[in-house]
There are 2 protein chains.
Amino acid sequence: MKKVTIADVAQHAGVSKSTVSQYLNQRYDYMGEQTKARIEETINVLGYRPNILARSLKQKSTTTIGVIVANILHVFSTQVIRAIEDVCNEKDFHVIICNADNQPEKEKKYIEMLRAKQVDGIIAFPTGGNIALYQDLVRENYPIVFIDRLIEGIETNTVLLDNEKAAFIAVETLVKNGYSKIALLSPPFEHAITPRMERLNGYKNALQEYQIPLNEEYIVSGKTSEMQSLIGKLIYLKDPPKAILATNDHVLMELLTYVKKNQIRIPEEIGVIGIDEVSFADIYSPSLTTIAQPSFEMGAKAANLLFERIQKKEIINQAKIYRFEPKLIVRESC
Amino acid sequence: MKKVTIADVAQHAGVSKSTVSQYLNQRYDYMGEQTKARIEETINVLGYRPNILARSLKQKSTTTIGVIVANILHVFSTQVIRAIEDVCNEKDFHVIICNADNQPEKEKKYIEMLRAKQVDGIIAFPTGGNIALYQDLVRENYPIVFIDRLIEGIETNTVLLDNEKAAFIAVETLVKNGYSKIALLSPPFEHAITPRMERLNGYKNALQEYQIPLNEEYIVSGKTSEMQSLIGKLIYLKDPPKAILATNDHVLMELLTYVKKNQIRIPEEIGVIGIDEVSFADIYSPSLTTIAQPSFEMGAKAANLLFERIQKKEIINQAKIYRFEPKLIVRESC
DNA sequence: CTGAAAGCGCTTACAG
DNA sequence: CTGAAAGCGCTTACAG
């Protein structure tokens, strides 16, 4: 079955390609009623469907954007993607999803492929490992918005949580519930990934605010593989903490794994609060007090910012940082 | 900054467009070493990047596939997507994600947009509401593979769980642990969605196999909004069940919500087993016995089937159904 | 070993 | 109100 093209339609309807094209683009201004009807019919009869590729080539817009996430398996990422998808759908845009897996090389490859495919813009959870590439994009005024992570020196719109505040609220909540020996459990600090560093700062600020001396032994960070032993050490400190702030959902999982294995009771023996909402917060016993990111709002904001940039071609290089408010959800774990 | 095209490169390097194109496509067979070097240099100097759109138009392949999921927020969907993404990445393909939200109209719109964008193939969790459209696709020999759901009368490769077996194993596990009063909790049966119907069958078959009389009151299905009260009724039956099979993760969540609210003890008061793995199965108390779908294998299989179809243009209409084995993960909840 | 020319399927001034 | 022609940025026989 051969593809039917605009030329076929034109021939069958006895008009020119231009006229068919006008019809397709709803420019009926000067079109005769019968011409219109004839074209419409021919399209149905032949089963013609426009080839958007050809249009894109001419119009220089693919009505497609790229989204590069760290990993689609993270709940936060999927919620952000869902929100982006929804706003794209309204505008009849499509989204190409890529997983950079926190690997700068993969990210680079994806950015280049996306550009080669002429996507109209990109939303990325930047790995931070491609500064030169980001700078090129910004210099060329290519529409791009970052999410979740701040990249030093790159002038582009960025959407992220007020991470300091999130950690601050967490500590504050614990303090108000009578805790003062508060530990922080975090993924590695090595690459100075924005949320991790900012959450650490928020923790420190809150301690200071509430005049609780900082105990370096209470700051624990490491890879998943070493978490169990790190938590063990923390719990068996001479002067162990009475509460733990898990700075993201993965770390929380590790904590709860430890807690279950060692039959520690929450909150009697240890208070727990986590940043990032988790699906089982309500059904866990005790239910888990968490600080949620407004991920849908964040995704929608990122998409809207990108569309603004795509629509107005002018160089409005007013890169801004959009901070979102963390939401405390009080439950029973501290 | 104007886009640099193959013509610019040709001009600057003092060769023809054809030669540059040969270079880009690595057809060096007859190319002079110096020509090659000169082109390479020019490309770097000018910062040329190919426009894949133009190539796609000519070559009739976009190296992009579409994936239409019911909802990306479901863990199973994201795992399937991740697997698809990974095999696509190896082949330098991209994937466009769409959420049909179980709405046939949305699915239809997406299928049409994807085809207009000339994607090379589609993997879909079919809503079941667009039979005519599916048939068109199959008739045109358009590469498409279905996942998770079987559509009556559509001759296309389909990848899905052996749902009957999953439910059978669940019941069997309960029986072997001494249960005989076993209820089934399911989402609505209205649209005869494959996994739901098959799991119900598996449940019935297992009861028969183990000579347990079927009690219609033990078969409970309904929307999320009515689940709590339905579970309540089930529990307060004169002759209440001693174990419950939750046929998917959502239903399991509802069960656990009820259990927590009413302080019912698992497995002492009620045994629980669920189909679909959940993130918190291990950390929940008691840990939850589940039957997992091999979602990554399934996604990878779907992608590979699609690529087979894309690569060989011949009409090999040997549509097959690929059943995947459920995996019992024994833990403490029954 | 390389180039001129046609063509992929559209859109868009421009002319009439 | 409609058509002829050029062009988007590539690829690909074909000729030399």
Side-chain angles (χ1 to χ4, degrees), chain A residues 1-40 42-43 46-64 112-113 115-120, chain B residues 1-40 42-43 46-64 92 112-113 115-120 313:
Chain A
M1 179 172 315
K2 245 191 95 259
K3 276 258 165 170
V4 5
T5 74
I6 209 172
D8 301 320
V9 176
Q11 197 193 333
H12 281 256
V15 298
S16 78
K17 290 194 302 172
S18 326
T19 308
V20 178
S21 178
Q22 309 282 25
Y23 172 87
L24 292 173
N25 292 290
Q26 334 234 4
R27 276 196 273 277
Y28 303 135
D29 313 357
Y30 300 106
M31 197 170 299
E33 272 309 318
Q34 345 152 27
T35 319
K36 210 157 108 180
R38 214 164 47 227
I39 294 175
E40 189 174 353
T42 313
I43 286 177
L46 299 184
Y48 168 74
R49 6 178 121 261
N51 179 332
I52 297 213
L53 228 53
R55 171 187 298 173
S56 294
L57 181 58
K58 185 70 186 176
Q59 292 190 157
K60 277 133 179 21
S61 159
T62 50
T63 59
T64 303
E112 284 172 353
M113 279 180 70
R115 295 209 64 194
K117 284 201 173 163
Q118 314 297 115
V119 299
D120 294 343
Chain B
M1 181 174 314
K2 244 189 94 269
K3 276 259 163 167
V4 5
T5 75
I6 210 173
D8 301 321
V9 175
Q11 196 192 337
H12 280 255
V15 297
S16 77
K17 289 196 299 171
S18 326
T19 307
V20 178
S21 178
Q22 309 281 28
Y23 172 87
L24 292 174
N25 293 289
Q26 333 234 5
R27 277 196 272 277
Y28 303 136
D29 313 357
Y30 300 105
M31 196 170 300
E33 272 308 318
Q34 343 152 28
T35 318
K36 209 156 111 181
R38 212 162 49 226
I39 293 175
E40 187 174 354
T42 312
I43 286 177
L46 299 184
Y48 168 75
R49 11 177 119 260
N51 179 334
I52 297 212
L53 228 51
R55 170 187 302 173
S56 296
L57 180 58
K58 185 70 186 174
Q59 294 190 157
K60 277 128 177 24
S61 158
T62 51
T63 59
T64 303
D92 282 340
E112 283 172 353
M113 279 180 69
R115 294 207 64 195
K117 285 202 172 163
Q118 315 296 116
V119 298
D120 295 342
K313 308 280 180 184

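When reading the values below, keep in mind they use all heavy atoms of this one structure, side chains included, and skip hydrogens, waters and symmetry mates. Just so it is clear: chains get the letters A, B, ... in the order the sequence lines come, proteins before strands, and each one is counted from 1.
In this structure the side chain of B/Thr64 never reaches within 4.5 angstrom of the side chain of B/Lys117, judged on heavy atoms. In this structure the side chain of A/Asn25 reaches within 4.5 angstrom of the side chain of A/Arg55, judged on heavy atoms.
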- Query: Pairs counted as Watson-Crick or G-U wobble with both distances under 3.5 Å: what dot-bracket string results for DNA chain D, using | for bases tied to another strand?
  - Reply: |||.||||||||.|||
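Among the protein residues, B/Thr35 comes within range of the sugar-phosphate backbone only, with heavy atoms under 4.0 Å from sugar or phosphate atoms but none that close to a base.
We find the CD1-OH distance between B/Ile43 and B/Tyr23 to be 5.0 Å, quoted to the nearest 0.5 Å.
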- Sugar-phosphate or base contact per nucleotide [nucleotides 9-16 of chain D; S, B, -; heavy atom under 4.0 Å]: BBBB----
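We find that B/Glu112 and B/Arg115 are not joined by a salt bridge, their nearest charged nitrogen and carboxylate oxygen being 4.0 Å or further apart.
Of the N and O atoms on the side chains of A/Thr19 and A/Ser16, at least one donor lies less than 3.5 Å from an acceptor on the other residue.
Taking all atoms of both residues into account, the shortest heavy-atom contact from A/Thr42 to A/His12 is CG2-CB, 3.5 Å. For the residue pair B/Ser56 and A/Leu53, the shortest heavy atom distance occurs at CB-CD2, 3.5 Å. A/Asn51 and B/Gln118 make their closest contact through OD1-CG, 3.3 Å (heavy atoms, listed as atom of the first residue, atom of the second, distance).
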